[in-house]
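See below for the structure under consideration.
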Amino acid sequence: MPELPEVEIVRQSLNKKIKGEVIKKVLVKNRNLRFKIPHNFEQKIKNKKIKKVDRFSKHLIIIFEDNSCCLVHLGMSGTIHLISKIEKSTLTNTSFYHSPQLPKKHNHIEIKFNKFNLIYNDPRRFGYLLIFNHKNDLKKKFDNFGPEPFYSTFNADYISNYFKNKKKNIKNFLIDQKFVSGIGNIYASEILFLCKIVPGKKAKNLTFNDCKKLSYFSKLVLNKAIKKGGSSIRDFKNTFGNLGSFQKNFNVYQRENLKCLKLSCKGIIKKKIISNRSSFFCNICQK
DNA sequence: AAGAGGCCCTGATAGC
DNA sequence: TGCTATCAGGGCCTCT
């Protein structure tokens with residue numbers, strides 16, 4: 001669920017808090033993530049000073065003063081928590097993304113700073129952390145990634161060229177990081193709704209105007225989501241603090257069998273499984 | 001090469 | 001109450 005907007009929200013708040021801070025101690029409680037945390041992880045980042053927190057696509061990039069860096073991917077369920085040492089009793093100084101307080105289970109890593117501790121939690125272990133000796137080494141890692149929706153290169157020309165002879169459906173391309181970086185399952189449905197394109201449509205059958213709309217609405221949806229602090233789905237019943245609100249702006253996601261929100265459209269939102277992933281769309285205004 | 005599908009993993013929820 | 005089945009989905013992998 002952390003797609004580009006959620007990761008950007010984490011980046012912004014994290015950057016504010018840990019920029020300039022020095023890592024005093026690192027404790028790894030569980031090394032099992034998508035990639036096993038190597039045993040020299042602790043030693044590699046200890047005593048390093050944080051220069052800034054960057055982001056590419058759904059990746060956080062913690063850059064140190066010596067230009068080495070730590071790449072963090074939250075996967076499906078990764079969350080980052082900052083626990084103030086002064087307010088230790090409450091354990092809830094600041095939480096990022098969708099967890100209001102420090103969970104009891106699945107706290108994989110604890111990084112101690114002077115005034116607070118940073119916790120990486122990940123129940124489903126689809127996330128990972130990787131150390132790079134120099135930030136320039138990241139270029140290789142991101143070699144196969146397409147542009148972010150915000151890049152000027154993600155335009156109608158690029159899209160229509162890419163889609164020539166492509167038989168796969170448009171929905172699958174929107175979540176394919178080789179084509180465009182940062183869009184996940186939720187925003188893909190929302191973008192296609194605004195474009196009035198059905199998710200199952202073959203990419204090669206899109207018009208140039210469709211490609212223009214894809215470029216435009218991808219930027220629009222992600223920008224709006226960032227402005228709203230991202231989307232907090234799942235446990236937003238009992239959460240507080242830095243939660244996002246974009247889930248309130250969903251037009252189609254998780255709205256199966258409800259009325260289409262487009263004025264004057266009498267359509268019903270349908271759910272269709274495409275490549276094992278749910279897609280939501282209006283049965284009338286999306287063609 | 002492109003595309004389809006499997007798999008990793010745990011927690012929430014539905015149904016009996 | 002407690003069991004099982006299903007779903008959530010990012011990304012990597014294999015197979016055709």
Side-chain angles (χ1 to χ4, degrees), chain A residues 1-8 10 29-37 55-60 71-80 97-109 120-130 138 140-146 148-149 161-192 199-206 222 225 230-239 246-247 250 252-257 270-280:
Chain A
M1 287 158 295
E3 301 183 26
L4 189 153
E6 290 74 31
V7 178
E8 173 58 19
V10 175
K29 293 167 183 168
N30 183 350
R31 292 182 192 275
N32 296 319
L33 288 171
R34 173 177 289 280
F35 308 124
K36 198 155 195 160
I37 297 168
R55 178 191 60 73
F56 174 72
S57 182
K58 303 170 190 173
H59 308 259
L60 289 167
L71 185 69
V72 184
H73 196 298
L74 301 172
M76 272 294 306
S77 57
T79 49
I80 290 174
Y97 193 39
H98 65 261
S99 288
Q101 54 203 7
L102 187 63
K104 292 186 178 78
K105 288 168 76 177
H106 310 299
N107 292 322
H108 286 253
I109 302 170
Y120 178 82
N121 180 285
D122 193 351
R124 291 169 75 178
R125 313 201 314 229
F126 285 163
Y128 61 83
L129 294 88
L130 291 175
L138 286 171
K140 218 173 168 185
K141 162 86 183 167
F142 294 133
D143 229 17
N144 292 322
F145 280 71
E148 287 193 359
N161 267 328
Y162 199 96
F163 284 172
K164 269 181 193 148
N165 303 319
K166 293 285 199 298
K167 291 173 189 160
K168 218 167 45 161
N169 60 72
I170 175 60
K171 161 69 189 311
N172 268 340
F173 276 112
L174 280 188
I175 60 173
D176 181 350
Q177 307 299 298
K178 289 195 286 296
F179 166 61
V180 60
S181 295
I183 299 175
N185 203 46
I186 295 172
Y187 294 113
S189 280
E190 295 299 321
I191 290 164
L192 286 173
K201 191 164 181 175
K202 283 183 183 170
K204 64 173 183 175
N205 293 337
L206 295 184
L222 296 197
S231 303
S232 306
I233 58 170
R234 197 130 305 191
D235 55 357
F236 70 89
K237 274 175 256 169
N238 55 358
T239 54
F246 191 72
Q247 67 280 357
F250 287 165
V252 287
Y253 187 76
Q254 286 184 338
R255 294 197 65 248
E256 191 183 10
N257 295 327
K270 298 289 176 192
K271 176 177 167 179
K272 188 181 176 187
I273 306 296
I274 296 175
S275 303
N276 276 328
R277 231 139 264 183
S278 55
S279 298
F280 298 85

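Each chain gets a letter, A, B and so on, in the order the sequences are listed, and its residues count up from 1.
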Task: Rounded distance in Å - CG (A/Asp122) to P (C/dA8) - done: 19 Å
Open item on the list: Please classify the nucleic acid contact of A/Ser278 as base, sugar-phosphate, or nothing, using heavy-atom distances under 4.0 Å.
Closed with: sugar-phosphate
Task: Phosphate OP1/OP2 of C/dG10: any A/His59 side-chain N/O under 4.0 Å - done: no
Task: Pi stacking test for A/Phe126 and C/dG10: under 5.5 Å apart, planes under 30° - done: yes
Open item on the list: Judged by each residue's nearest nucleotide on DNA chain B, which is more toward the 5′ side, A/Lys168 or A/Asn276?
Closed with: A/Lys168
- [ ] Respond yes when some side-chain nitrogen or oxygen of A/His73 is under 4.0 Å from OP1 or OP2 of C/dG10, and no when none is.
- [x] no
Task: Distance, rounded to the nearest Å, where A/Lys178 contributes NZ and B/dA2 contributes C1' - done: 10 Å
TODO: Name the closest nucleotide to the A/Lys271 side chain, picking from C/dG10, C/dC12, C/dC7.
DONE: C/dC7
- [ ] Please work out which of the three classes, parallel, tilted or perpendicular, describes the rings of A/Phe56 and A/His59, given edges at 30° and 60°.
- [x] parallel
Task: Side-chain N,O (A/Gln177) to OP1/OP2 (C/dG11) below 4.0 Å - done: yes
Open item on the list: With a 4.0 Å limit, can you tell me whether A/Lys58 has a side-chain N or O closer than that to the phosphate oxygens OP1/OP2 of C/dG11?
Closed with: yes
Open item on the list: Tell me if a side-chain donor or acceptor on A/Ser77 pairs with a main-chain N or O of A/Asp122 at a distance below 3.5 Å.
Closed with: no
Open item on the list: At 4.0 Å (heavy atoms only), tell me whether A/Phe173 reaches a base, stays on the sugar-phosphate, or touches nothing.
Closed with: sugar-phosphate
Task: Distance, rounded to the nearest Å, where A/Asn107 contributes CG and B/dT10 contributes C1' - done: 14 Å
TODO: Take the protein atom CD1 of A/Ile273 and the nucleotide atom P of B/dA4, then report the distance between them rounded to whole Å.
DONE: 16 Å
Task: A/Ile170 CD1 to A/Phe179 CZ distance, which is reported to the nearest 0.5 Å - done: 5.5 Å
- [ ] Please figure out whether A/Asn165 or A/Arg277 has its closest DNA chain B nucleotide nearer the 5' end.
- [x] A/Asn165
Task: Under 3.5 Å: donor-acceptor pair, side chain of A/Lys166, backbone of A/Asn205 - done: no
Task: Length of the line joining A/Phe179:CZ and B/dA2:P, which is rounded to integer Å - done: 14 Å
Open item on the list: If I take atom CD1 in residue A/Ile175 and atom P in nucleotide C/dC12, what distance separates them, rounded to the nearest angstrom?
Closed with: 13 Å
Open item on the list: Between A/Glu148 (side chain only) and A/Ser57 (backbone N and O only), is there a donor and an acceptor less than 3.5 Å apart?
Closed with: yes
Task: Protein-nucleotide distance (A/Lys166, atom NZ; B/dA1, atom P), rounded to Å - done: 12 Å
Task: Any A/Lys202 side-chain N or O less than 4.0 Å from OP1/OP2 of B/dA2 - done: no
- [ ] Ignoring backbone atoms, test whether A/Arg125 places a side-chain nitrogen or oxygen under 4.0 Å from the OP1 or OP2 oxygen of B/dT10.
- [x] yes
Open item on the list: Can you measure A/Lys171 atom NZ to B/dA4 atom C1' for me and round it to whole angstrom units?
Closed with: 15 Å
Open item on the list: Nearest 0.5 angstrom please: A/Asp176 CG to A/Phe145 CZ, how far?
Closed with: 10.0 Å
Open item on the list: Side chain of A/Arg124 only, heavy atoms from C-beta on: which candidate in B/dC9, B/dA2, C/dG10 is closest?
Closed with: B/dC9
Task: Among C/dC12, B/dT10, B/dA4, the one nearest A/Asn172 by side-chain distance - done: B/dA4
Open item on the list: Quick check on B/dG11: is either OP1 or OP2 less than 4.0 Å from any side-chain nitrogen or oxygen of A/Lys105?
Closed with: yes
